[in-house]
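Every heavy atom of this structure was used, including side-chain atoms; hydrogens, water molecules and symmetry mates were not.
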Amino acid sequence: MPTTPADPDRWLRRARTVTLVSLAGGLWAGLLLPAIGMFRETDGLRLAGGAAGIVLFAVTQGVAVHAAVTPWLDDRARRRRRLAFVGAAVLSVPLVAPLAAGSWPSWAWLGPLWSAPSRCWVRYGPCCPSPPARCSSP
């Protein structure tokens, strides 16, 4: 016979913490892999633009991911954070693309990092606290 936890909020906090730690690994990789091009670039203007694009992308992605796993956040704030991330993703491509062009595709590392989570955010809305079937279907 399954038992229910004495403190369901404790289980929710634990699940949320594990989810955020897991997502933080992806965010960290998303910051480091495009940044490799910064060490290969010699032009200062391209370096500054690439750094700005990578930081803008990483910060807004972190804010959007946090909003997606924060069930008590209102829909308006969650929508603003998602839109800020989408805007930063679009803006980051022309900023990061010239960075180390020909030797390291810095911009190419950003594509998978915004396409996977944005599919869930745009089509299905916030994933928390929705039923699992809402985010699992393509």
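One finds the CG atom of D75 at 7.5 Å from the CZ atom of R82 (value rounded to the nearest 0.5 Å). Within the model, atoms CG of L73 and CZ of R81 stand 5.0 Å from one another, a figure rounded to the nearest 0.5 Å. Residue R78 holds its CZ atom at 10.5 Å from NE2 of H66, rounded to the nearest 0.5 Å. Summarising the geometry, atom OG belonging to S106 is positioned 12.0 Å from atom CG belonging to L95; distances are rounded to the nearest 0.5 Å. Interatomic distance, CD1 of I54 versus CG of L99, reported as 5.5 Å (0.5 Å rounding).
In the hydrophobic clustering of this structure, V93 does not group with L83; members are Ile, Leu, Val, Met, Phe, Trp, Tyr whose side-chain heavy atoms approach within less than 4.5 Å, directly or through other members. L32 is not connected to V59 by any chain of hydrophobic side-chain contacts under 4.5 Å among Ile, Leu, Val, Met, Phe, Trp and Tyr, and they are in different clusters. The hydrophobic clustering, which links ILVMFWY residues whose side-chain heavy atoms are closer than 4.5 Å, places V96 and L47 together.
The shortest heavy-atom contact between A35 and L31 is CB-O, 3.2 Å.
Checked by atom type and distance alone, the side chain of S92 never pairs as donor or acceptor with a backbone atom of G53 at under 3.5 Å.
Residue W104 is tested with E41, R40, M38 for a side-chain contact (heavy atoms from CB on, under 4.5 Å); the sole match is R40.
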